[in-house]
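Letters A, B, ... are given to chains in the order of the sequence lines, protein chains preceding strands, and every chain is numbered from 1.
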Amino acid sequence: MEMPVPNADLIARKAQIVAALAKVLPAGGVISDIAETRAYECDALTAYRCAPLAVVLPTSTAEVSAVLRICHDMGVPVVPRGSGTSLAGGALPTADCVLLGVMRMNEVLETDYDNRFIRVQTGRTNLSVTGAVEQENFFYAPDPSSQLACAIAGNIAMNSGGAHCLKYGVTTNNLLGVTLVMMDGTITEVGGAHLDAGGLDLLGLICGSEGQLGVVTEATLRILRKPEGARPVLMGFDSNEVAGACVSDIIKAGLLPVAIEFMDRPCIEACEAFAHAGYPMCEALLIVEVEGAPAEIDEQLALILDIARRHNPVELREAKDADEAGRIWLGRKSAFGAMGQINDYMCLDGTIPVSALPYVLKRIGEFSKQYGLGVGNVFHAGDGNMHPLILFDANKPGDLELCEAMGADILRLCVEVGGCLTGEHGVGIEKRDLMVDQFAPDDLEAQMAVKDVFDPKWLLNPAKVFPLAASESRRLVALAAE
Amino acid sequence: MRPETEAELAETIAACRRPLHVQGGGTRAVGCPVTGDVLQTGGLSGISLYEPGALTLVVRAGTPLAEVEAALEGEGQRLPFEPMDHRGLLGTTGAPTIGGVVATNASGPRRIQVGACRDFMLGVRFVDGQGKVIKNGGRVMKNVTGYDLVKLLSGSWGTLGVLSEVSLKVLPKPESAATLRLRGLDTGQAVTVMSRALGSPYEITGAAHDPQAEETLLRIEGFARSVDYRAGQIQALFVEHAVEVDTDPGRVAATWAAIRDVAPLQAVAGDVWRLSVKPSDAPRLAEQLGADALLLDWGGGLIWARVPADTDLRARLGEVCGHATLIRGSTASRAALPVFHPEPAPLARISTGLRARFDPRGILNPGLMGG
């Protein structure tokens with residue numbers, strides 16, 4: 001992936017910029033030593049690295065505002081960062097940017113069980129939001145796989161999902177309000193403890209805007225009462241088509257499981273070798289989880305198993321207790337680690353209409369042969385969010401490029417069958433140049449017009465989301481105005 | 001003007017030199033009065049794609065809502081967000097369209113549990129104020145590819161673009177439903193009961209209170225045995241009250257349609273305001289508003305208030321978390337008062353900026369949302 005040529009003038013003015021930032025932050029709030037800024041040189045898309053000009057770690061909304069005002073006035077690009085777990089390069093710095101990390105802002109500001117919300121600073125990790133309310137049997141629903149580490153700030157930036165969004169929705173469906181700091185330092189509240197916007201739905205626009213419209217420092221999140229219980233069932237099938245048809249029949253029958261996870265043979269084999277979960281060796285495996293009181297779970301599972309039996313499963317396994325439930329999930333939850341044992345991998349997250357599943361899996365198999373790279377598929381089948389893991393060897397010259405080319409072919413295929421490039425990871429730099437495959441120039445222009453309104457100088461995370469060629473004139477005009 | 005295709009819609013808008021009043025079924029006459037040539041979307045009609053097994057529906061914006069609902073009913077599915085029918089409250093006639101539902105983000109009692117119209121929107125195609133056709137989102141359930149203009153267009157009341165096609169996530173219709181009724185509670189007690197019910201694990205899909213009738217209503221939906229079980233649990237939770245359970249499908253549907261359409265406030269004249277607030281503020285506000293009649297939905301988070309015509313209800317709100325919209329107002333009050341809640345200055349600047357970019361000539365429902 002290409003990044004814009006850094007602005008040499010800004011790099012030359014580093015000392016002046018750092019001095020201005022140090023004035024508005026507490027001691028230790030600015031990092032400018034190259035040995036230390038290198039700790040922030042990448043996110044979870046580790047193939048791409050670049051140390052920023054400086055790192056700032058503010059501790060309050062007021063400090064974020066002061067930092068942004070300085071950067072705005074001095075024309076310095078700002079790359080916001082939560083915990084740096086983006087798989088799309090959303091928090092990848094440029095050499096001329098100030099990296100703004102919100103991780104020191106991780107307090108719970110308010111919990112309100114009567115009105116069912118929690119207000120937190122956005123450096124707080126996803127899992128620790130649930131941790132703050134679980135003593136009252138509440139939880140925060142979006143559960144991305146990285147939930148132990150990922151920050152709410154990044155969840156909002158990427159509109160993160162998770163395994164349970166079939167029932168509970170993604171971040172945008174669970175976000176009630178934010179404190180937004182705009183690039184010029186203006187602080188404003190959007191939404192709050194009430195539902196829906198009184199005017200245009202700006203909250204819906206901000207969520208998923210990849211840190212390009214403003215920096216979100218506080219968030220009001222919807223919390224839900226935990227269900228009485230949950231139980232998974234595992235099903236094995238001898239073809240992807242049959243597993244896909246089973247998913248469709250479950251949904252058509254009016255059942256709404258909280259999760260329907262799908263794994264194909266390469267992934268099952270890798271997980272089995274790694275985690276020894278006792279999975280059956282078959283072409284496709286589904287894990288379906290339902291929630292409720294014990295009797296409700298029994299009733300739903302009985303209906304689901306009836307449907308599954310009509311598709312001649314090679315295996316049907318019910319969890320009789322928490323231990324067995326844990327074993328059913330064990331392999332799935334270790335899928336990424338298992339694939340990582342085999343080789344380096346790239347994880348895609350294109351989304352497809354569920355009906356296109358068998359065709360897409362067949363074509364991915366063909367790409368795998370054509371490129372000579374292994375691929376395992378594990379994904380959220382209920383909502384069509386694929387996660388092909390392409391295996392490659394980072395130490396072998398040319399392998400990363402080959403892997404990226406194959407990834408691009410898979411994502412184009414997702415678009416071709418009526419899907420999209422990314423279901424929950426975001427565009428970042430990774431899918432930036434494929435945006436032209438999903439959107440016409442006018443579609444992209446409309447999105448860039450939104451950024452013009454929020455950030456006229458294009459200083460916030462400017463080299464992301466849009467193909468560099470499409471955003472170039474805007475980035476250069478902003479630069480020339482300096 | 002009544003374009004029959006998206007291309008015709010684009011040509012019509014591009015060629016337009018005067019303000020346009022965008023209209024689906026014309027049943028949601030809300031907002032500052034718009035003077036302009038009427039642009040009807042009814043010609044853009046028909047379901048483009050419906051995959052029940054994928055819970056997805058793609059439909060042209062001018063399609064009558066009744067046609068959409070009939071198609072879903074045929075597969076045992078529904079629009080989960082329960083869009084309000086404004087005809088009873090506003091005294092309008094005509095047939096609501098799906099585009100009108102989306103453009104107004106119309107959502108009913110189930111919003112409290114499953115989300116609003118905007119939460120079920122997967123994609124839009126629309127024509128902006130310069131006649132450019134723009135698409136955003138798509139037809140898949142998870143999509144974070146680029147900015148979410150789908151949400152921006154939902155509830156934009158035709159001021160940013162004219163919708164030509166929308167895609168939605170739909171859900172199965174549950175096998176069974178029950179209304180749980182508590183009588184004689186005051187507003188404070190009712191909000192406490194609704195809050196406890198909504199904070200329980202029993203998946204309440206409706207929580208409303210009618211102060212005039214002194215009735216507090218809760219709704220449970222799902223498989224029949226599950227509904228029975230949860231109804232029993234709720235009765236046990238409020239053992240100090242007599243909780244009546246009604247599982248007659250026709251009556252349950254009628255009860256909640258009446259809440260959705262604000263039936264208790266319809267008949268008597270006067271302005272009707274819609275307030276979205278923090279539920280626990282509802283009892284205090286119910287006093288403070290001095291309204292002639294009230295209806296609480298969303299566990300108290302949605303307050304409908306009827307006041308004499310030309311009353312500035314917002315002036316009685318004081319500092320409150322939320323917003324107030326004048327839904328039924330005399331022409332005089334809709335011209336004199338901001339119909340939509342004034343935004344804080346930075347957001348008002350953003351909204352104005354977005355309108356200027358999407359509709360630089362200011363011809364799409366100009367002034368409807370104020371600003």
Side-chain angles (χ1 to χ4, degrees), chain A residues 113-116 158-159 161 169-170 173 186 188 190 192-202 204-205 208-209 225-228 248 251-252 254 292-293 295-296 299 351-355 383-385 418-424 426-427 435 438-439 442-443 446-447 449-450 453-454 465, chain B residues 51-56 76 105 111 115-116 118-119 128 132-136 138-149 151-152 154-156 171-172 195 198-201 223 225-226 229 276-280 298 301 321-323 325 340-341 343-344 346-347 350-351 353-354 357 369:
Chain A
Y113 298 104
D114 286 340
N115 294 303
R116 298 167 303 283
M158 295 311 198
N159 188 13
V170 295
N173 311 115
T186 304
T188 187
V190 188
H194 58 283
L195 294 172
D196 299 336
L200 295 177
D201 188 356
L202 302 180
L205 187 59
S209 62
R225 177 65 187 260
K226 277 190 179 164
E228 290 176 84
S248 181
I251 290 172
K252 262 194 279 193
E296 293 178 285
E299 185 178 15
T351 303
I352 57 166
V354 182
S355 51
D383 46 32
N385 192 190
C420 67
L421 298 172
T422 170
E424 56 184 1
V427 178
M435 289 287 273
Q438 184 168 336
F439 294 112
D442 281 347
D443 302 333
Q447 295 179 38
V450 169
V453 173
F454 279 84
V465 184
Chain B
E51 284 188 3
L55 304 175
T56 44
N105 188 30
R111 195 268 172 263
R118 53 92 88 178
D119 293 294
D128 76 3
K132 281 192 290 190
V133 177
I134 294 163
K135 70 166 186 298
N136 193 263
R139 53 175 269 220
V140 288
M141 281 194 220
K142 276 165 87 179
N143 187 345
V144 297
T145 320
Y147 294 168
D148 195 345
L149 304 186
K151 298 249 167 9
L152 181 65
S154 307
S156 66
L171 284 181
S195 170
L198 289 164
S200 78
F223 289 105
R225 273 195 290 176
S226 167
Y229 164 76
S276 175
V277 300
K278 185 160 84 173
S280 60
W298 300 356
C321 150
H323 50 83
T325 311
F340 290 83
H341 204 90
E343 296 173 291
L347 297 187
I350 295 287
S351 295
L354 291 171
R357 294 305 297 258
M369 292 183 84

Can you tell which of [options] has the highest number of heavy-atom pairs within less than 4.5 Å of chain B?
{"options": "A:C420, A:S248, A:A449", "value": "A:C420"}
{"options": "A:T186, A:V170, A:I251, A:V190", "value": "A:I251"}
{"options": "A:G161, A:G254, A:G419", "value": "A:G254"}
{"options": "A:M435, A:K226, A:M158, A:K252", "value": "A:K252"}
{"options": "A:I352, A:N115, A:D114", "value": "A:N115"}
{"options": "A:L205, A:T422, A:V354, A:N159", "value": "A:T422"}

Part of [X] within contact of chain B (heavy atom distance under 4.5 Å):
{"X": "A:N173", "answer": "both"}
{"X": "A:V465", "answer": "side chain"}
{"X": "A:E296", "answer": "side chain"}
{"X": "A:A295", "answer": "neither"}
{"X": "A:L200", "answer": "both"}

Check: [Y] main-chain N/O paired with [X] side-chain donor or acceptor under 3.5 Å:
{"X": "A:Q438", "Y": "A:L421", "result": "yes"}
{"X": "B:N143", "Y": "B:V140", "result": "no"}
{"X": "B:S276", "Y": "A:L195", "result": "yes"}
{"X": "B:H323", "Y": "A:D196", "result": "yes"}

How close do [X] and [Y] get, counting heavy atoms only, and between which atoms?
{"X": "A:E228", "Y": "A:A293", "value": "OE2-CB, 3.3 Å"}
{"X": "A:D442", "Y": "B:V133", "value": "CB-O, 4.1 Å"}
{"X": "B:E51", "Y": "A:P353", "value": "OE1-CB, 4.4 Å"}

Salt bridge present between B:D119 and B:K151 (N-O < 4.0 angstrom):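 Looking at B:K151 together with B:D119, the answer is no, because their closest N to O distance does not fall below 4.0 Å.
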
Go through A:E299 and B:S226 one step at a time and tell me if the side-chain hydrogen bond (donor to acceptor under 3.5 Å, both in side chains) criterion holds. CA-CA 9 Å; A:E299 185 178 15; B:S226 167; 5.9 Å; no

Partner chain A: residue of [options] with the largest heavy-atom pair count (under 4.5 Å):
{"options": "B:L347, B:L55, B:T56", "result": "B:L347"}
{"options": "B:G115, B:G138, B:P201, B:A116", "result": "B:P201"}
{"options": "B:G199, B:P52, B:G353", "result": "B:G199"}
{"options": "B:L354, B:L149, B:V144", "result": "B:V144"}
{"options": "B:G146, B:G76, B:S156", "result": "B:G146"}
{"options": "B:S280, B:G155, B:S154", "result": "B:S280"}

For B:N136 and A:Q447, what are the C-alpha separation, side-chain angles and deciding distance, and is it a side-chain contact (heavy atoms from CB on, under 4.5 Å)? CA-CA 9 Å; B:N136 193 263; A:Q447 295 179 38; 3.4 Å; yes

Can you tell me which portion of B:L198 sits under 4.5 Å from chain A's heavy atoms? Options are side chain, backbone, both or neither.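 Both parts, backbone and side chain.
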
Part of B:N105 lying under 4.5 Å from any heavy atom of chain A: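 Just its side chain gets close to chain A.
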
Evaluate the salt bridge (Lys or Arg N to Asp or Glu O under 4.0 Å) criterion for residues B:R118 and A:D201: first the C-alpha distance (whole Å), next the side-chain angles of each, then the deciding distance (0.1 Å), finally the verdict. CA-CA 9 Å; B:R118 53 92 88 178; A:D201 188 356; 2.9 Å; yes

Would you compute the distance between atom OG1 of A:T351 and atom CE of B:M141 and round it to the nearest 0.5 angstrom?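 So the OG1 of A:T351 and the CE of B:M141 are separated by 10.5 Å.
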
